[in-house]
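Notes for the one structure printed next.
This structure is a prediction, so every number in the text was calculated from the model and none was measured. Positions are given from 1, in the same order as the sequence printed here. No hydrogens, no waters, no symmetry mates; every other heavy atom, side chains included, goes into these values.
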Amino acid sequence: MKKLVYILFLICNALSAQHGDNGPVKAFPSAWGGGSVSTGGRGGVLIIVTTLDGTVGLTSHTNTQGETYYTGGLRAAWSFNGARYIIFNVSGNIPISSDMTATRRDNMTIFGHSAPQGGITITGDNPQLTDSDNLTIRYLRSRNGSQVGNPISDDQSTYGFKVNGGDNIIFDHVSASWGGDKAILMGTNLEYSQNNHTIQRSLLSDSHTYLQMSNQNAVNFPNHQNPTFVLNMLARGSNRTPNIGGTDGYVLVKNNVIQTNGTKFGVIQWSDNAYVNWTDNYYKIPSGSTETNEFQRQCCNKYTTESFYDLRLYTQRNVYQNTNGFILDGSETGKDSNAPIWTYRLGGISDNTPIDTNLLVATENTGTIPNLPPSRNAYEAYDTVTADVGANLYMDEDGYLQSYQDSWDTDCINGVLNNTMAQHGYSDNWILPSIPNNTHGGSYDTDNDGMADAWEIREFGDLDEGYGGDFDGDGYENIEEFFFTQEDLDASGVTPTNECPVVVSTAGSSLTLDTGDTYTEAGGTWTDAEDGSGAATVGGDTVNTSVAGTYVVTYSYTDMDGCTDTATLTVVVSDPSTIPATGVSIAPSDTSLDVGQTVDLTETYAPT
């Protein structure tokens with residue numbers, strides 16, 4: 001692990017120069033697209049979820065720094081009226097028996113990776129947010145499962161996550177599954193503003209369909225700007241990969257890994273005059289299917305009969321692989337290069353009619369979407385997404401983020417890698433993974449500011465800082481920085497440094513034995529500012545006390561950043577019966593005796 005060195009000017013300059021940021025800091029440094037402008041719970045209170053019983057209310061406390069914090073259950077934290085950070089002191093499944101709703105409850109950040117090993121899974125019904133602005137949700141799982149059927153029907157009411165409007169919303173590293181309608185719905189036909197939405201690094205699986213980020217009410221189109229879907233995995237499912245639109249603005253669908261056996265893939269919906277970048281995605285189809293993405297014109301739907309019909313679709317460098325090979329291999333560039341994977345749907349034109357290439361544009365649309373992600377081709381996206389997607393981190397007792405992925409997500413990722421797809425859409429298959437139920441220990445956060453004491457000592461030198469401070473003055477509050485991931489640090493331009501371990505031989509540096517003596521391996525220990533401490537790896541010579549000689553035993557440890565330290569113990573084994581001598585002295589060396597007297601002589605050997 002790395003010791004973080006936060007340098008204000010470096011962070012700000014790197015953000016500005018590399019990603020074109022302006023104004024306030026992003027939701028977190030690795031946030032991309034429309035939702036990256038969310039301020040989440042910044043400036044609000046801390047709520048610590050201390051139980052898996054979602055019905056428990058909140059209790060107010062004051063921490064060592066004089067800040068207010070609350071403890072209790074998730075439902076009350078979810079619907080809390082005010083800016084808040086939500087963290088977890090426990091791990092496990094949180095059952096909800098009815099919709100967990102929050103209406104006009106702005107300014108929330110959920111750090112799901114605050115939980116100990118196992119993380120958090122919401123199950124049993126909809127986690128729902130309505131007309132709420134500035135929402136940042138990270139590293140959280142939702143496995144609804146309330147719809148029953150083999151196969152399930154399109155119930156249009158159950159979801160992994162449901163978002164009915166609201167501005168500035170980002171889901172990062174969430175896992176969503178078992179929705180009777182969709183894994184995630186982020187959009188509404190109600191006349192709510194719904195600008196700046198992002199779903200990124202998330203794993204959507206096994207629901208009736210995957211995702212809808214659109215609305216179908218033309219009155220809302222000017223208030224649905226900058227939907228962004230990047231670096232996600234869709235696995236074990238079909239259709240809506242994603243459905244996105246209901247806008248007259250800019251849309252970004254990029255660098256996703258898409259597994260589907262549906263009768264249609266992604267759909268641009270009711271966005272006849274939108275600017276859409278749909279590029280560098282990797283479609284991995286576990287059959288010989290050649291189904292397509294579709295453009296569903298606004299014309300002739302139930303809300304209007306008018307058609308603007310001025311779509312500007314940039315679609316290049318997508319990879320389309322089925323079991324027969326590659327339809328597109330990612331090398332195809334040029335205005336019409338990816339036209340084979342696009343057709344029409346509804347809107348007054350027969351389904352499966354090839355798209356009019358006059359709607360395709362040769363250069364990427366540039367516009368209002370903020371904080372565009374780093375450039376990756378489809379193969380690079382495939383590698384990074386299959387390695388890092390879904391709710392896959394937890395916080396250990398020393399304040400370090402560690403990896404954990406539940407068995408459902410692991411199976412989905414392996415299915416994509418192996419190009420196989422298990423049966424989906426059958427509720428009998430929805431067996432909730434058993435995940436560890438843990439609680440952070442009493443010494444983890446003694447000052448109740450939501451940050452591990454060990455991390456505070458490493459970063460601040462003491463426990464004086466509170467969760468709402470800004471120790472380094474970069475615009476992120478202390479608790480936000482505590483939950484920064486390595487991806488956040490890489491994106492922010494922070495240069496981490498590493499302190500190498502120190503290894504010590506328990507027996508010292510040298511030891512002398514006679515042949516026949518017993519040698520007991522005392523071992524060695526290592527300490528490391530970032531990794532902690534432990535027993536060193538023993539190597540070098542094997543000490544054989546039946547054979548005289550010099551033996552060198554080594555003790556080593558390599559830290560998580562690749563730095564190695566080694567200590568040695570030199571063991572000399574000697575044979576007393578073969579000790580050479582440089583001379584003999586006799587005492588006394590001279591004497592006078594009378595006849596008949598005797599003298600005792602003492603011989604002394606001087607060994608080399």
Side-chain angles (χ1 to χ4, degrees), residues 154 156 181-182 185 187-189 208-222 224-225 227 229 234 237-254 256 258 260-279 281 283 285 287-318 320 322 327-328 332 334-365:
D154 187 354
Q156 299 186 11
D181 191 359
K182 305 168 186 73
L185 172 65
T188 180
N189 296 330
H208 187 264
T209 58
Y210 283 122
L211 169 69
Q212 184 161 324
M213 289 182 79
S214 64
N215 75 88
Q216 301 167 8
N217 186 347
V219 174
N220 281 351
F221 290 2
H224 186 214
Q225 302 294 310
F229 188 69
L234 305 180
S238 63
N239 297 351
R240 296 186 174 119
T241 65
N243 281 21
I244 196 162
T247 177
D248 58 7
Y250 291 85
V251 174
L252 180 62
V253 178
K254 185 174 184 178
N256 302 289
I258 299 166
T260 179
N261 64 355
T263 56
K264 64 180 184 295
F265 292 173
V267 178
I268 300 172
Q269 244 181 348
W270 290 286
S271 298
D272 292 12
N273 60 337
Y275 302 82
V276 179
N277 292 332
W278 197 295
T279 182
N281 300 288
Y283 295 83
I285 314 304
S287 69
S289 171
T290 57
E291 295 293 340
T292 59
N293 299 305
E294 298 175 338
F295 172 40
Q296 187 169 341
R297 297 193 308 159
Q298 181 182 344
C299 175
C300 312
N301 70 62
K302 61 185 177 181
Y303 290 100
T304 181
T305 59
E306 181 182 5
S307 176
F308 299 104
Y309 203 64
D310 193 22
L311 175 70
R312 282 140 290 191
L313 171 61
Y314 176 83
T315 180
Q316 296 184 30
R317 301 185 305 276
N318 294 290
Y320 189 121
N322 64 20
I327 307 299
L328 299 171
E332 296 86 0
K335 183 176 81 70
D336 301 340
S337 62
N338 283 201
I341 62 170
W342 288 95
T343 57
Y344 285 101
R345 172 179 171 79
L346 304 177
I349 299 179
S350 299
D351 290 358
N352 301 317
T353 299
I355 196 168
D356 182 350
T357 57
N358 288 324
L359 303 181
L360 307 183
V361 295
T363 58
E364 203 156 357
N365 295 301

As an exercise, state the distance from [atom1] of [X] to [atom2] of [Y], rounded to the nearest 0.5 Å.
| X | Y | atom1 | atom2 | answer |
| --- | --- | --- | --- | --- |
| Asn365 | Leu252 | CG | CG | 10.0 Å |
| Leu185 | Thr209 | CG | OG1 | 9.5 Å |
| Leu328 | Gln316 | CG | CD | 11.0 Å |
| Gln269 | Thr247 | CD | OG1 | 12.5 Å |
| Leu311 | Tyr275 | CG | OH | 10.5 Å |
| Ile285 | Ile327 | CD1 | CD1 | 9.5 Å |

For [X], what residues pass the side chain to side chain contact (heavy atoms under 4.5 Å, CB included) criterion, not counting sequence neighbours?
| X | value |
| --- | --- |
| Thr279 | Lys254, Tyr314, Arg317, Glu364 |
| Ser238 | Thr260, Asn261, His424 |
| Thr357 | Lys335, Asp336, Ala339, Leu360 |
| Asn215 | Asn189, Gln194, Asn217, Asn220, Phe221, His224 |

Please name the pair of heavy atoms, one in [X] and one in [Y], separated by the smallest distance, quoted to 0.1 Å.
| X | Y | result |
| --- | --- | --- |
| Pro227 | Met213 | CB-CE, 4.2 Å |
| Val267 | Lys264 | CG2-CD, 3.9 Å |
| Phe295 | Trp342 | N-CE3, 4.5 Å |
| Thr263 | Glu294 | O-OE2, 4.5 Å |

State, with a plain yes or no, whether a side-chain heavy atom of [X] is found less than 4.5 Å away from one of [Y].
| X | Y | value |
| --- | --- | --- |
| Ser289 | Tyr283 | no |
| Asp181 | Arg240 | yes |
| Trp278 | Asn293 | yes |
| Val251 | Asn277 | no |
| Leu234 | Asn256 | no |
| Leu346 | Asp351 | yes |

Practice task
Please name the residue in the list Thr292, Asn352, Ile349 that meets the side-chain contact (heavy atoms from CB on, under 4.5 Å) test with Tyr344.
Solution key: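 Option passing the side-chain contact (heavy atoms from CB on, under 4.5 Å) with Tyr344: Ile349.
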Would you please name every residue forming a side chain to side chain donor-acceptor pair (under 3.5 Å) with [X], sequence neighbours left out?
| X | value |
| --- | --- |
| Gln225 | Asp248 |
| Asn318 | Asn281, Thr315, Asn338 |
| Thr188 | none |
| Gln212 | Ser214 |

Ignoring hydrogens and angles, tell me if any N or O in the side chain of [X] forms a donor-acceptor pair with the backbone of [Y] under 3.5 Å.
| X | Y | answer |
| --- | --- | --- |
| Ser271 | Gly246 | yes |
| Thr241 | Gly266 | yes |
| Arg312 | Asp310 | yes |

